Amino acid sequence: MVICKTAAILENTLKKYYTNNINIGFVPTMGALHNGHIALIEESKQQCAITVASIFVNPTQFNDKNDFEKYPITIENDIFLLEKAGCDIIFLPSVNEIYSDGIDNLKHYELSYLEEILEGKYRKGHFQGVCNVVERLLLMVKPTILFLGQKDYQQCMVVSKLVELMNWQNKLKLVIVPTIREENGLAMSSRNRRLTEEERTKAAAIYNNLLYMKNNFERLPFNGLIKRAEEELLKNGFLKIDYISICNAQNLQPIAEYKEGVKLVVLIAAFIGEVRLIDNLLL
Ligand code: AMP
(Lines give C-alpha, C1' and ligand atoms only; values in the text may rest on other atoms or scores of the structure.)
Protein backbone atom coordinates (compact mmCIF):
# COMPACT_ATOMS: atom_id res chain seq x y z
CA MET A 1 0.00 0.00 0.00
CA VAL A 2 1.34 3.41 -0.97
CA ILE A 3 0.63 6.56 1.05
CA CYS A 4 0.60 9.79 -0.99
CA LYS A 5 0.50 13.14 0.75
CA THR A 6 0.49 15.38 -2.30
CA ALA A 7 -1.48 15.45 -5.54
CA ALA A 8 1.80 15.37 -7.50
CA ILE A 9 2.94 12.12 -5.85
CA LEU A 10 -0.55 10.67 -6.25
CA GLU A 11 -0.56 11.53 -9.95
CA ASN A 12 2.87 9.99 -10.36
CA THR A 13 1.75 6.81 -8.60
CA LEU A 14 -1.44 6.52 -10.64
CA LYS A 15 -0.22 7.56 -14.08
CA LYS A 16 0.68 4.07 -15.27
CA TYR A 17 -2.92 3.00 -14.65
CA TYR A 18 -4.64 5.84 -16.51
CA THR A 19 -3.42 4.63 -19.86
CA ASN A 20 -4.39 1.02 -19.30
CA ASN A 21 -8.13 1.36 -19.47
CA ILE A 22 -8.68 -0.23 -16.08
CA ASN A 23 -11.09 0.70 -13.32
CA ILE A 24 -9.70 2.94 -10.61
CA GLY A 25 -11.99 2.92 -7.58
CA PHE A 26 -12.08 5.86 -5.21
CA VAL A 27 -13.41 5.94 -1.63
CA PRO A 28 -13.28 9.42 -0.11
CA THR A 29 -13.43 9.49 3.71
CA MET A 30 -12.80 11.75 6.67
CA GLY A 31 -11.00 8.98 8.58
CA ALA A 32 -11.89 7.46 11.97
CA LEU A 33 -12.62 4.44 9.84
CA HIS A 34 -15.06 1.67 10.72
CA ASN A 35 -16.62 -1.30 8.95
CA GLY A 36 -18.93 1.00 6.94
CA HIS A 37 -15.89 2.56 5.25
CA ILE A 38 -14.28 -0.85 4.84
CA ALA A 39 -17.41 -2.13 3.04
CA LEU A 40 -16.81 0.59 0.45
CA ILE A 41 -13.18 -0.49 0.06
CA GLU A 42 -14.29 -4.12 -0.34
CA GLU A 43 -16.84 -3.15 -2.99
CA SER A 44 -14.16 -1.20 -4.83
CA LYS A 45 -11.80 -4.18 -4.64
CA GLN A 46 -14.53 -6.30 -6.25
CA GLN A 47 -15.08 -3.90 -9.13
CA CYS A 48 -11.70 -2.23 -9.68
CA ALA A 49 -8.09 -3.14 -10.36
CA ILE A 50 -6.85 -0.28 -8.16
CA THR A 51 -8.49 1.15 -5.05
CA VAL A 52 -7.66 4.62 -3.74
CA ALA A 53 -8.97 5.85 -0.37
CA SER A 54 -8.57 9.42 0.81
CA ILE A 55 -8.54 10.59 4.39
CA PHE A 56 -9.20 14.29 4.72
CA VAL A 57 -11.26 16.03 7.39
CA ASN A 58 -12.69 18.74 5.18
CA PRO A 59 -12.94 22.01 7.12
CA THR A 60 -15.33 23.62 4.63
CA GLN A 61 -18.18 21.15 5.17
CA PHE A 62 -18.56 21.70 8.91
CA ASN A 63 -21.28 24.18 9.71
CA ASP A 64 -20.62 23.58 13.43
CA LYS A 65 -17.14 24.56 14.70
CA ASN A 66 -17.51 22.30 17.73
CA ASP A 67 -18.24 19.30 15.50
CA PHE A 68 -15.09 20.02 13.46
CA GLU A 69 -12.90 20.45 16.52
CA LYS A 70 -14.20 17.24 18.08
CA TYR A 71 -14.08 15.19 14.88
CA PRO A 72 -12.21 11.97 15.85
CA ILE A 73 -8.74 11.42 14.35
CA THR A 74 -7.34 7.87 14.42
CA ILE A 75 -4.89 7.95 11.55
CA GLU A 76 -2.64 5.02 12.60
CA ASN A 77 -5.59 2.70 13.04
CA ASP A 78 -7.07 3.95 9.73
CA ILE A 79 -3.86 3.04 7.88
CA PHE A 80 -3.84 -0.37 9.57
CA LEU A 81 -7.49 -1.05 8.57
CA LEU A 82 -6.95 0.08 4.97
CA GLU A 83 -3.85 -2.07 4.61
CA LYS A 84 -5.75 -5.07 6.03
CA ALA A 85 -8.65 -4.46 3.61
CA GLY A 86 -6.25 -4.51 0.64
CA CYS A 87 -6.51 -0.84 -0.29
CA ASP A 88 -3.77 0.03 -2.82
CA ILE A 89 -3.26 3.75 -2.33
CA ILE A 90 -4.08 6.17 0.49
CA PHE A 91 -4.29 9.84 -0.36
CA LEU A 92 -3.58 11.85 2.79
CA PRO A 93 -3.50 15.50 1.77
CA SER A 94 -3.11 18.56 4.00
CA VAL A 95 -5.64 21.41 3.97
CA ASN A 96 -3.16 23.48 1.90
CA GLU A 97 -2.83 20.70 -0.64
CA ILE A 98 -6.58 20.60 -1.25
CA TYR A 99 -7.23 24.32 -0.84
CA SER A 100 -4.04 25.84 -2.21
CA ASP A 101 -6.10 28.94 -3.00
CA GLY A 102 -7.40 29.17 0.59
CA ILE A 103 -10.86 28.41 1.94
CA ASP A 104 -12.39 31.87 1.76
CA ASN A 105 -13.38 32.06 -1.90
CA LEU A 106 -15.02 28.73 -2.53
CA LYS A 107 -16.80 27.85 -5.72
CA HIS A 108 -20.60 27.95 -5.58
CA TYR A 109 -22.54 24.99 -6.96
CA GLU A 110 -26.11 25.28 -8.15
CA LEU A 111 -27.79 22.61 -6.03
CA SER A 112 -31.12 24.47 -5.60
CA TYR A 113 -33.80 22.34 -3.88
CA LEU A 114 -31.29 19.66 -2.87
CA GLU A 115 -29.55 21.96 -0.44
CA GLU A 116 -32.66 23.64 0.92
CA ILE A 117 -34.08 20.52 2.55
CA LEU A 118 -33.15 18.06 5.31
CA GLU A 119 -29.34 18.18 5.82
CA GLY A 120 -29.13 21.27 3.62
CA LYS A 121 -31.64 23.11 5.75
CA TYR A 122 -30.09 22.19 9.10
CA ARG A 123 -26.42 22.38 8.02
CA LYS A 124 -26.17 25.60 6.05
CA GLY A 125 -23.34 25.54 3.53
CA HIS A 126 -22.53 21.89 4.28
CA PHE A 127 -23.15 20.61 0.75
CA GLN A 128 -21.24 23.49 -0.82
CA GLY A 129 -18.25 22.32 1.25
CA VAL A 130 -18.87 18.72 0.19
CA CYS A 131 -18.97 19.69 -3.50
CA ASN A 132 -15.83 21.79 -3.20
CA VAL A 133 -13.82 18.98 -1.66
CA VAL A 134 -15.24 16.18 -3.81
CA GLU A 135 -14.60 18.06 -7.05
CA ARG A 136 -11.02 18.80 -6.01
CA LEU A 137 -10.46 15.17 -4.96
CA LEU A 138 -11.98 13.85 -8.20
CA LEU A 139 -9.73 16.10 -10.27
CA MET A 140 -6.70 14.80 -8.35
CA VAL A 141 -7.57 11.09 -8.31
CA LYS A 142 -9.39 10.88 -11.67
CA PRO A 143 -11.15 7.62 -10.75
CA THR A 144 -13.46 5.63 -12.98
CA ILE A 145 -15.77 4.52 -10.14
CA LEU A 146 -16.67 6.51 -7.03
CA PHE A 147 -17.96 4.55 -4.01
CA LEU A 148 -20.34 6.27 -1.58
CA GLY A 149 -22.39 5.07 1.40
CA GLN A 150 -26.17 5.05 1.42
CA LYS A 151 -25.87 6.16 5.07
CA ASP A 152 -25.45 9.69 3.65
CA TYR A 153 -28.42 9.43 1.30
CA GLN A 154 -28.75 13.11 0.43
CA GLN A 155 -24.98 13.41 -0.02
CA CYS A 156 -25.16 10.66 -2.66
CA MET A 157 -27.72 12.75 -4.53
CA VAL A 158 -25.63 15.90 -4.18
CA VAL A 159 -22.52 14.15 -5.49
CA SER A 160 -24.52 12.75 -8.38
CA LYS A 161 -25.58 16.33 -9.18
CA LEU A 162 -21.94 17.46 -8.87
CA VAL A 163 -20.87 14.82 -11.39
CA GLU A 164 -23.49 16.26 -13.75
CA LEU A 165 -22.30 19.83 -13.13
CA MET A 166 -18.72 18.70 -13.84
CA ASN A 167 -20.00 17.03 -16.99
CA TRP A 168 -18.36 13.78 -15.92
CA GLN A 169 -21.43 11.54 -16.35
CA ASN A 170 -19.72 9.61 -19.11
CA LYS A 171 -16.42 9.06 -17.40
CA LEU A 172 -17.36 8.43 -13.77
CA LYS A 173 -19.72 5.81 -12.39
CA LEU A 174 -21.27 6.14 -8.90
CA VAL A 175 -21.78 3.06 -6.78
CA ILE A 176 -23.89 3.37 -3.62
CA VAL A 177 -23.06 0.83 -0.92
CA PRO A 178 -25.75 -0.18 1.65
CA THR A 179 -25.41 1.07 5.23
CA ILE A 180 -23.39 -1.11 7.60
CA ARG A 181 -24.80 -1.29 11.13
CA GLU A 182 -23.78 -2.25 14.65
CA GLU A 183 -25.41 -5.40 16.03
CA ASN A 184 -28.18 -3.30 17.62
CA GLY A 185 -28.96 -1.61 14.31
CA LEU A 186 -27.17 1.70 14.94
CA ALA A 187 -25.64 2.86 11.64
CA MET A 188 -21.86 2.85 11.93
CA SER A 189 -20.46 6.37 12.01
CA SER A 190 -17.20 8.01 13.02
CA ARG A 191 -19.25 10.19 15.37
CA ASN A 192 -20.43 7.09 17.30
CA ARG A 193 -17.01 7.18 19.00
CA ARG A 194 -18.25 10.20 20.90
CA LEU A 195 -21.22 8.33 22.40
CA THR A 196 -21.18 6.78 25.88
CA GLU A 197 -22.03 3.08 26.17
CA GLU A 198 -25.52 4.01 27.35
CA GLU A 199 -26.05 6.46 24.46
CA ARG A 200 -24.93 3.82 21.95
CA THR A 201 -27.52 1.41 23.29
CA LYS A 202 -30.26 4.04 23.23
CA ALA A 203 -29.28 5.30 19.78
CA ALA A 204 -30.57 2.02 18.34
CA ALA A 205 -34.00 3.68 18.67
CA ILE A 206 -33.32 5.40 15.33
CA TYR A 207 -33.07 2.11 13.45
CA ASN A 208 -35.92 0.52 15.39
CA ASN A 209 -38.17 3.39 14.34
CA LEU A 210 -37.00 3.29 10.74
CA LEU A 211 -37.86 -0.41 10.72
CA TYR A 212 -41.25 0.22 12.32
CA MET A 213 -41.99 2.74 9.60
CA LYS A 214 -40.87 0.33 6.89
CA ASN A 215 -43.14 -2.36 8.28
CA ASN A 216 -46.19 -0.10 8.63
CA PHE A 217 -46.07 2.63 5.97
CA GLU A 218 -48.60 0.87 3.76
CA ARG A 219 -51.27 0.69 6.46
CA LEU A 220 -50.73 3.62 8.87
CA PRO A 221 -50.89 7.38 8.12
CA PHE A 222 -47.46 8.98 7.65
CA ASN A 223 -48.04 11.81 10.16
CA GLY A 224 -48.90 9.23 12.85
CA LEU A 225 -45.78 7.21 12.05
CA ILE A 226 -43.61 10.32 12.27
CA LYS A 227 -45.20 11.44 15.55
CA ARG A 228 -44.68 8.00 17.06
CA ALA A 229 -41.02 7.98 15.98
CA GLU A 230 -40.48 11.46 17.48
CA GLU A 231 -41.94 10.34 20.80
CA GLU A 232 -39.89 7.14 20.82
CA LEU A 233 -36.64 9.02 20.16
CA LEU A 234 -37.33 11.56 22.90
CA LYS A 235 -38.20 8.69 25.29
CA ASN A 236 -34.84 7.10 24.49
CA GLY A 237 -32.74 10.09 25.47
CA PHE A 238 -32.57 11.99 22.19
CA LEU A 239 -32.59 15.68 23.08
CA LYS A 240 -33.43 17.29 19.77
CA ILE A 241 -34.82 16.03 16.49
CA ASP A 242 -33.92 17.98 13.38
CA TYR A 243 -36.19 15.98 11.10
CA ILE A 244 -38.01 12.73 10.53
CA SER A 245 -39.21 12.82 6.95
CA ILE A 246 -40.76 10.43 4.47
CA CYS A 247 -39.69 11.44 0.97
CA ASN A 248 -39.74 10.38 -2.63
CA ALA A 249 -36.56 8.31 -2.93
CA GLN A 250 -35.72 9.79 -6.36
CA ASN A 251 -35.87 13.51 -5.56
CA LEU A 252 -36.36 13.86 -1.76
CA GLN A 253 -39.66 15.72 -2.12
CA PRO A 254 -41.66 15.13 1.11
CA ILE A 255 -44.58 12.74 0.66
CA ALA A 256 -47.65 13.01 2.89
CA GLU A 257 -49.42 9.74 2.18
CA TYR A 258 -48.94 6.28 0.76
CA LYS A 259 -49.36 5.87 -2.96
CA GLU A 260 -48.58 2.61 -4.70
CA GLY A 261 -45.64 2.68 -7.07
CA VAL A 262 -43.81 5.66 -5.51
CA LYS A 263 -40.44 4.57 -4.12
CA LEU A 264 -39.96 6.11 -0.66
CA VAL A 265 -37.14 6.74 1.77
CA VAL A 266 -37.45 7.76 5.40
CA LEU A 267 -34.69 9.96 6.80
CA ILE A 268 -33.89 10.94 10.38
CA ALA A 269 -31.47 13.41 11.98
CA ALA A 270 -31.40 13.74 15.76
CA PHE A 271 -29.10 14.64 18.65
CA ILE A 272 -28.21 12.28 21.44
CA GLY A 273 -26.06 14.13 23.98
CA GLU A 274 -24.25 16.63 21.78
CA VAL A 275 -23.75 14.16 18.95
CA ARG A 276 -25.88 14.52 15.84
CA LEU A 277 -26.75 11.22 14.15
CA ILE A 278 -28.34 10.66 10.75
CA ASP A 279 -29.80 7.52 9.22
CA ASN A 280 -32.29 6.46 6.56
CA LEU A 281 -34.09 3.44 5.17
CA LEU A 282 -35.69 2.73 1.82
CA LEU A 283 -39.30 1.75 2.37
P1 AMP B 1 -17.22 9.92 6.09
O2 AMP B 1 -15.86 9.47 6.55
O3 AMP B 1 -18.22 9.99 7.19
O4 AMP B 1 -17.14 11.17 5.26
O5 AMP B 1 -17.75 8.78 5.13
C6 AMP B 1 -17.02 8.37 3.99
C7 AMP B 1 -17.89 7.47 3.17
O8 AMP B 1 -18.28 6.33 3.93
C9 AMP B 1 -19.20 8.16 2.73
O10 AMP B 1 -19.50 7.77 1.40
C11 AMP B 1 -20.20 7.58 3.71
O12 AMP B 1 -21.53 7.57 3.21
C13 AMP B 1 -19.67 6.17 3.89
N14 AMP B 1 -20.18 5.60 5.14
C15 AMP B 1 -20.14 6.16 6.36
N16 AMP B 1 -20.74 5.36 7.27
C17 AMP B 1 -21.19 4.29 6.59
C18 AMP B 1 -21.90 3.11 6.96
N19 AMP B 1 -22.29 2.88 8.22
N20 AMP B 1 -22.18 2.21 6.01
C21 AMP B 1 -21.80 2.42 4.70
N22 AMP B 1 -21.12 3.50 4.30
C23 AMP B 1 -20.82 4.43 5.23
Side-chain angles (χ1 to χ4, degrees), residues 1-61 71-103 106-107 129-149 152 155-156 158-160 162-163 165-177 180 190:
M1 189 171 69
V2 183
I3 299 180
C4 305
K5 293 194 171 177
T6 66
I9 294 175
L10 178 71
E11 166 129 43
N12 211 27
T13 311
L14 278 170
K15 72 173 178 239
K16 59 178 173 287
Y17 303 111
Y18 292 135
T19 47
N20 285 342
N21 222 4
I22 58 167
N23 279 336
I24 299 175
F26 179 39
V27 179
T29 82
M30 298 208 296
L33 301 185
H34 49 68
N35 284 342
H37 298 110
I38 298 306
L40 272 62
I41 298 289
E42 284 168 355
E43 193 55 43
S44 174
K45 298 269 304 166
Q46 291 280 329
Q47 299 194 34
C48 303
I50 291 291
T51 293
V52 182
S54 64
I55 299 177
F56 179 65
V57 184
N58 174 32
T60 69
Q61 73 184 68
Y71 203 82
I73 297 192
T74 61
I75 193 67
E76 278 171 23
N77 191 50
D78 293 350
I79 293 171
F80 171 77
L81 291 178
L82 289 172
E83 171 106 65
K84 195 162 88 162
C87 178
D88 301 293
I89 298 172
I90 309 184
F91 184 37
L92 210 62
S94 65
V95 173
N96 279 341
E97 189 67 19
I98 296 292
Y99 295 105
S100 50
D101 42 351
I103 57 171
L106 295 180
K107 184 166 164 185
V130 168
C131 285
N132 267 279
V133 76
V134 174
E135 176 166 23
R136 286 159 197 252
L137 288 169
L138 287 176
L139 290 168
M140 290 173 178
V141 179
K142 297 188 273 295
T144 46
I145 311 188
L146 176 63
F147 294 86
L148 301 170
D152 298 281
Q155 174 169 277
C156 294
V158 165
V159 172
S160 170
L162 168 70
V163 171
L165 292 170
M166 289 172 70
N167 215 359
W168 271 33
Q169 305 92 310
N170 296 328
K171 55 177 180 179
L172 181 71
K173 179 176 156 198
L174 290 192
V175 171
I176 314 288
V177 178
I180 304 296
S190 305

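Keep in mind it's a predicted model, so treat the numbers as computed, not measured.
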How would you list, by chain and number, every residue that makes a side-chain contact (heavy atoms from CB on, under 4.5 Å) with Thr13, sequence neighbours excluded?
Val2, Cys4, Ile9, Ile89

Salt bridge (Lys or Arg N to Asp or Glu O under 4.0 Å) pairs touching residues 25-35, sequence neighbours excluded, are none

Got a sec, which residues hit side-chain contact (heavy atoms from CB on, under 4.5 Å) with Asn96, two or more places apart in sequence or on another chain?
Ser94

Under a 3.5 Å distance rule, please check whether Thr6 uses its side chain to pair with a backbone N or O of Pro93 as donor and acceptor.
no

Contacts table for residues 169-177: side-chain donor-acceptor under 3.5 angstrom, sequence neighbours left out:
none

Under 6.0 Å from the CG atom of Asn21, do we count more than 12 heavy atoms belonging to anything else shown?
no

Among pairs that include at least one residue of residues 77-92, which meet salt bridge (Lys or Arg N to Asp or Glu O under 4.0 Å), considering only residues two or more places apart or in two chains?
none

For Asn58 and Tyr99, test the side chains for any donor-to-acceptor distance below 3.5 angstrom and give the result as yes or no.
yes

Contact summary for Met140 and Tyr18, nearest pair of heavy atoms
O-OH, 3.9 Å

Has Phe80 got more than 12 heavy atoms of other residues, nucleotides or ligands less than 6.0 Å from its CZ?
no

Of all residues at least two apart in sequence or in a different chain, which pass the side-chain hydrogen bond (donor to acceptor under 3.5 Å, both in side chains) check with Glu42?
none

Using ring pair (Phe, Tyr, Trp, His ring centres under 6.0 Å) as the criterion, list what pairs up with Tyr17, not counting sequence neighbours.
none

Could you check whether any side-chain heavy atom of Val133 comes within less than 4.5 Å of a side-chain heavy atom of Phe56, counting everything from C-beta outward?
yes

Nearest heavy atoms of Ile55 and Leu82, plus distance in Å:
CD1-CD1, 4.0 Å

For the CZ atom of Phe91 and the CZ atom of Phe26, what is their distance to the nearest 0.5 Å?
8.0 Å

side-chain contact (heavy atoms from CB on, under 4.5 Å) involving Ile79 - partner list, sequence neighbours excluded:
Met1, Ile3, Ile75, Ile90

Side chain proximity check, Val52 to Val27, heavy atoms < 4.5 angstrom:
no

Restricting to pairs with a member in residues 90-100, which pass salt bridge (Lys or Arg N to Asp or Glu O under 4.0 Å), not counting sequence neighbours?
none

Distance from Leu148 atom CG to Ser160 atom OG, nearest 0.5 Å?
9.5 Å

Report yes if some heavy atom in the side chain of Ser54 is under 4.5 Å from a heavy atom in the side chain of Thr29; otherwise report no.
no

Partners meeting side-chain hydrogen bond (donor to acceptor under 3.5 Å, both in side chains) with Asn77 (sequence neighbours left out):
none

Where Leu40 and Gly149 come nearest, the two heavy atoms and their spacing
CD2-N, 3.9 Å

If the condition is side-chain hydrogen bond (donor to acceptor under 3.5 Å, both in side chains), which residues does Ser44 pass it with, not counting sequence neighbours?
Thr51

Using atom types as modelled and distance alone, determine if a side-chain donor or acceptor of Thr144 lies under 3.5 Å from a backbone N or O of Ile24.
yes

I'd like to know if Asp101 pairs up with Arg136 as an ion pair, taking the criterion as any Lys NZ or Arg NE/NH1/NH2 lying under 4.0 Å from an Asp or Glu carboxylate oxygen.
yes

Taking only residues at least two apart or on different chains, which pairs with a member in residues 4-33 satisfy salt bridge (Lys or Arg N to Asp or Glu O under 4.0 Å)?
Glu11-Lys142

Do you know the tightest heavy-atom contact between Ile22 and Ile50?
CD1-CG1, 4.2 Å

If I compare all heavy atoms of Met30 with all of Val57, which pair ends up nearest, and what's the gap?
O-CG2, 3.4 Å

Note: His37 and Gly31 closest approach over all heavy atoms is CE1-O, 3.8 Å

We want to know whether Thr60 and Asn132 form a side-chain donor-acceptor pair, criterion being a heavy-atom distance below 3.5 angstrom.
no

